[in-house]
Participant: 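One structure coming up, written as structure tokens, with questions to follow.
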Amino acid sequence: KNQVEQSPQSLIILEGKNCTLQCNYTVSPFSNLRWYKQDTGRGPVSLTIMTFSENTKSNGRYTATLDADTKQSSLHITASQLSDSASYICVVTRTGGFKTIFGAGTRLFVKA
Amino acid sequence: GAVVSQHPSRVICKSGTSVKIECRSLDFQATTMFWYRQFPKKSLMLMATSNEGSKATYEQGVEKDKFLINHASLTLSTLTVTSAHPEDSSFYICSARDQREGLDTQYFGPGTRLTVL
């Protein structure tokens with residue numbers, strides 16, 4: 001069954017600290033994996049996209065990793081800011097027909 | 001990245017009226033657009049896939065006569081909520097499929113908050 005599981009479900013960290021969010025998937029055949037940031041009341045914004053051959057991708061303070069062998073991805077946020085408080089969604093796409101499977105998201109709260 | 005816009009961002013309507021939401025891809029052409037619905041603190045739920053020049057494909061349980069989708073051009077898809085009722089109140093988000101430069105991804109609009117009184 002094609003699934004995307006994210007952990008933790010929610011996370012509270014202090015401003016300035018780093019954190020890592022996890023995404024495990026069983027989607028096959030694999031096309032790409034994307035991380036999105038969704039602020040409350042807004043649409044998701046693309047952070048990174050990785051294909052099978054890529055194992056790391058950075059976007060400012062966000063760094064995503066991908067291990068296609070173990071079917072795991074992580075999103076690392078460095079030096080967190082209050083504005084990083086949001087839901088982070090992992091999305092995996094199957095090849096053929098653009099079938100996308102969404103993770104349930106991780107809600108991150110950054111406190112001063 | 002790419003830009004996808006939605007209009008309106010918020011709409012309040014009376015029960016029984018119809019509401020149209022527009023989704024535009026501003027800097028690329030999208031043969032495929034998607035419409036999602038999202039309840040508070042929940043994941044996006046795919047409602048339908050909108051294909052330019054053909055009928056939309058609806059997910060199981062989504063009433064196609066209730067949620068009319070038109071994808072008349074490569075940059076515009078519209079969702080019309082017909083005879084809206086309070087239970088249709090929700091956050092509606094569209095996305096556009098981007099297949100440029102060898103990637104296959106999607107960019108989301110900012111969402112439309114629908115409140116039916």
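No experiment lies behind these values; they were computed from the predicted model shown. Note on naming: letters A, B, ... go to the chains in the order of the sequence lines (proteins, then strands), and numbering restarts at 1 for each one.
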Participant: If you take the centroid of each ring, where Trp contributes its six-membered ring, are A:Phe102 and B:Tyr36 closer together than 6.0 Å?
Facilitator: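 Here the rings of A:Phe102 and B:Tyr36 have centres that are less than 6.0 Å from each other.
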Participant: Heavy atoms only: give me the nearest B:Tyr107-A:Ser46 pair and the separation to one decimal.
Facilitator: CE2-CB, 4.0 Å
Participant: Given a strict heavy-atom distance threshold of 4.5 Å, which part of B:Gln106 is in contact with chain A: side chain, backbone, both, or neither?
Facilitator: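 Both backbone and side chain of B:Gln106 come within 4.5 Å of chain A.
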Participant: Taking B:Ile69 as the starting point, is it possible to reach B:Leu76 by hopping between hydrophobic residues whose side chains are less than 4.5 Å apart?
Facilitator: no
Participant: Which atoms of A:Ser87 come close to chain B, meaning under 4.5 Å heavy atom to heavy atom: side chain ones, backbone ones, both, or neither?
Facilitator: neither
Participant: Using a cut-off of 6.0 Å, state whether more than 12 heavy atoms not belonging to B:Glu87 lie near its atom CD.
Facilitator: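 Correct, the count exceeds 12.
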Participant: Should A:Ile13 and A:Leu82 be regarded as members of a common hydrophobic cluster, given that ILVMFWY residues are connected when their side-chain heavy atoms come within less than 4.5 Å of each other, either directly or indirectly?
Facilitator: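 A:Ile13 and A:Leu82: one cluster.
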Participant: May I ask whether B:Val116 and B:Leu68 are part of the same hydrophobic cluster, defined by side-chain heavy atoms of I, L, V, M, F, W, Y residues being less than 4.5 angstrom apart, directly or through others?
Facilitator: no
Participant: Could you check A:Gln38 against B:Ile93 for side chain to side chain contact (heavy atoms under 4.5 Å, CB included), going step by step and ending with a plain yes or no?
Facilitator: CA-CA 12 Å; A:Gln38 185 178 22; B:Ile93 305 173; 3.7 Å; yes
Participant: Please flag which part of A:Arg42 lies under 4.5 Å from any non-hydrogen atom of chain B: side chain, backbone, both or neither.
Facilitator: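 Both parts, heavy atoms under 4.5 Å.
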Participant: If you measure from CZ on B:Phe108 to CD1 on A:Ile89, what distance do you get to the nearest 0.5 Å?
Facilitator: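 Between atom CZ of B:Phe108 and atom CD1 of A:Ile89 there are 7.0 Å.
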Participant: Same hydrophobic cluster for A:Tyr62 and A:Leu108, using side-chain heavy-atom links shorter than 4.5 Å among ILVMFWY?
Facilitator: yes
Participant: Is B:Val11 reachable from B:Phe67 through a run of I, L, V, M, F, W or Y residues, each pair having side-chain heavy atoms under 4.5 Å apart?
Facilitator: yes
Participant: Any chance you could measure A:Thr100, atom OG1, to B:Leu44, atom CG, to the nearest 0.5 Å?
Facilitator: 9.5 Å
Participant: More than 12 foreign heavy atoms under 6.0 Å from NZ of B:Lys66: is that the case here?
Facilitator: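 Yes, enclosed.
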Participant: Report the residue from A:Thr93, A:Val91, A:Ile49 that forms a side-chain contact (heavy atoms from CB on, under 4.5 Å) with B:Thr105.
Facilitator: A:Ile49
Participant: Short question: side chain of A:Asn32, backbone of B:Asp104 - any donor-acceptor pair under 3.5 Å?
Facilitator: yes
Participant: Does atom CZ of A:Phe52 have more than 12 heavy-atom neighbours, drawn from other residues, nucleotides or ligands, at distances under 6.0 Å?
Facilitator: no
Participant: Which pair of heavy atoms, one from A:Gly103 and one from B:Ser43, lies closest together, and at what distance?
Facilitator: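 So the two residues come closest at O-OG, 3.8 Å.
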